[in-house]
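Structure first, commentary second.
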Amino acid sequence: LVQPVESGGGSVQTGQSLRLSCVASEYTCVAWFRQAIGKEREGERVGVASISPGEGTVFYADSVKGRFTISQDSAMNTVYLQMNSLQPADTGVYYCAADLRRGYCHMLKKFVFNYWGQGTQVTVSS
């Protein structure tokens with residue numbers, strides 16, 4: 001198995017969009033987590049969205065429903081996170097996480113995932 005690899009972060013203004021990509025093959029669940037990094041401490045790594053590539057089922061945190069869309073390109077072994085109407089609260093390092101177990105994808109909890117990418121920074125300014 002290859003560790004997930006993210007790309008696509010950047011700096012945008014409020015209301016703009018970004019699309020993140022994660023190359024992750026042979027996993028049963030792929031998710032995106034966000035971690036706010038402050039000057040004094042790091043925040044928790046919070047689940048944003050997940051997808052079961054084989055089934056196509058998706059799950060979202062309440063804070064991003066209607067704004068973010070998670071999708072897959074099976075041929076490219078890639079999972080995308082389309083982020084629209086971005087807000088300053090969306091700022092953070094976004095991690096792609098993946099796992100092989102079934103039945104936990106909907107939980108969006110860090111402990112479910114054993115495979116993590118290095119993260120990509122998203123900054124939304126007001």
Side-chain angles (χ1 to χ4, degrees):
L1 286 173
V2 177
Q3 295 291 121
V5 178
E6 312 97 332
S7 62
S11 296
V12 297
Q13 294 187 325
T14 297
Q16 294 186 325
S17 299
L18 277 174
R19 188 176 79 161
L20 305 182
S21 301
C22 174
V23 178
S25 62
E26 302 181 41
Y27 294 103
T28 57
C29 178
V30 180
W32 288 96
F33 282 74
R34 175 174 65 217
Q35 184 172 21
I37 307 295
K39 291 182 179 179
E40 297 181 353
R41 66 181 183 90
E42 295 182 357
E44 288 185 46
R45 208 170 282 192
V46 178
V48 173
S50 65
I51 186 168
S52 297
E55 302 166 3
T57 50
V58 299
F59 307 93
Y60 296 99
D62 288 343
S63 61
V64 305
K65 283 180 181 177
R67 300 189 300 123
F68 290 12
T69 302
I70 190 169
S71 61
Q72 61 176 324
D73 182 335
S74 299
M76 300 293 292
N77 292 322
T78 301
V79 171
Y80 302 101
L81 185 67
Q82 177 67 44
M83 305 186 294
N84 298 329
S85 302
L86 282 162
Q87 304 294 320
D90 296 317
T91 294
V93 178
Y94 282 72
Y95 294 91
C96 181
D99 206 77
L100 299 169
R101 294 174 292 176
R102 298 184 182 277
Y104 299 95
C105 211
H106 64 286
M107 297 179 68
L108 282 176
K109 296 295 186 182
K110 191 172 66 171
F111 74 87
V112 170
F113 299 91
N114 288 302
Y115 303 90
W116 292 83
Q118 294 301 305
T120 185
Q121 176 71 43
V122 171
T123 302
V124 185
S125 57
S126 57

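For this chain, numbers begin at 1 and follow the sequence in order.
Side-chain contact between Met83 and Leu20 is present, with at least one heavy-atom pair separated by less than 4.5 Å. Counting only heavy atoms from C-beta outward, the side chains of Thr14 and Pro88 approach each other to under 4.5 Å. In this structure the side chain of Tyr115 reaches within 4.5 angstrom of the side chain of Asp99, judged on heavy atoms. Looking only at side-chain heavy atoms (C-beta outward), Cys29 and Arg101 stay at 4.5 Å or farther from each other.
The distance from atom CZ of Arg34 to atom CG of Asp90, rounded to the nearest 0.5 Å, is 5.0 Å. Atoms CG and CG, from Leu81 and Leu18 in turn, are 9.5 Å apart once rounded to the nearest 0.5 Å. Between the OG atom in Ser50 and the NZ atom in Lys109 there is a gap of 12.0 Å [rounded to 0.5 Å]. One distance of note links CH2 of Trp32 with SG of Cys96; it measures 5.0 Å at 0.5 Å rounding. Once rounded to the nearest 0.5 Å, the distance linking CD1 of Ile51 with OG1 of Thr57 reads 7.5 Å. Rounding to the nearest 0.5 angstrom, the gap separating the CZ atom in Phe59 from the NE2 atom in His106 is 7.0 Å.
The hydrophobic clustering, which links ILVMFWY residues whose side-chain heavy atoms are closer than 4.5 Å, places Tyr95 and Val23 apart. Hydrophobic clustering of Ile, Leu, Val, Met, Phe, Trp and Tyr side chains at less than 4.5 Å, counting indirect connections, unites Ile70 with Leu86. Under the 4.5 Å side-chain heavy-atom criterion for Ile, Leu, Val, Met, Phe, Trp and Tyr, Val79 and Val64 are members of the same hydrophobic cluster. Hydrophobic clustering (ILVMFWY, side-chain heavy atoms < 4.5 Å, transitive): Ile37 and Trp116 are in one cluster.
Taking the centre and axis of the six-membered ring of Tyr80, the NZ or CZ atom of Arg19 falls inside the cone set by 45° and 6.0 Å.
Proximity of a side-chain donor or acceptor of Thr123 to a complementary backbone N or O of Thr91 within less than 3.5 Å is not detected. Side-chain atoms of Thr28 come within 3.5 Å of backbone atoms of Leu100 as a donor-acceptor pair (strictly under, hydrogens ignored). Side chain of Gln87 to main chain of Ser85: a donor-acceptor pair is present (N/O by atom type, distance under 3.5 Å, no hydrogens or angles).
Closest heavy-atom contact between Gly47 and Ala61: O-CB, 3.4 Å. Considering every non-hydrogen atom in both Ser17 and Asn84, the closest pair reads OG-OD1, 2.9 Å.
Taking the six-membered ring where tryptophan is involved, the planes of Phe68 and Tyr94 are tilted, since the angle between them lies from 30° to 60°. Ring pair Phe113/Phe33 is perpendicular by interplanar angle, where above 60° counts as perpendicular and below 30° as parallel.
In the displayed structure, Arg102 atom CZ is contacted under 6.0 Å by at most 12 heavy atoms of other residues, nucleotides or ligands. Atom CD of Gln118 sits in a sparse spot, with 12 or fewer heavy atoms from other residues, nucleotides or ligands closer than 6.0 Å.
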- Checking side-chain contact (heavy atoms from CB on, under 4.5 Å) for the pair Val48/Tyr60: CA distance, chi angles, key distance, verdict? CA-CA 6 Å; Val48 173; Tyr60 296 99; over 6 Å; no
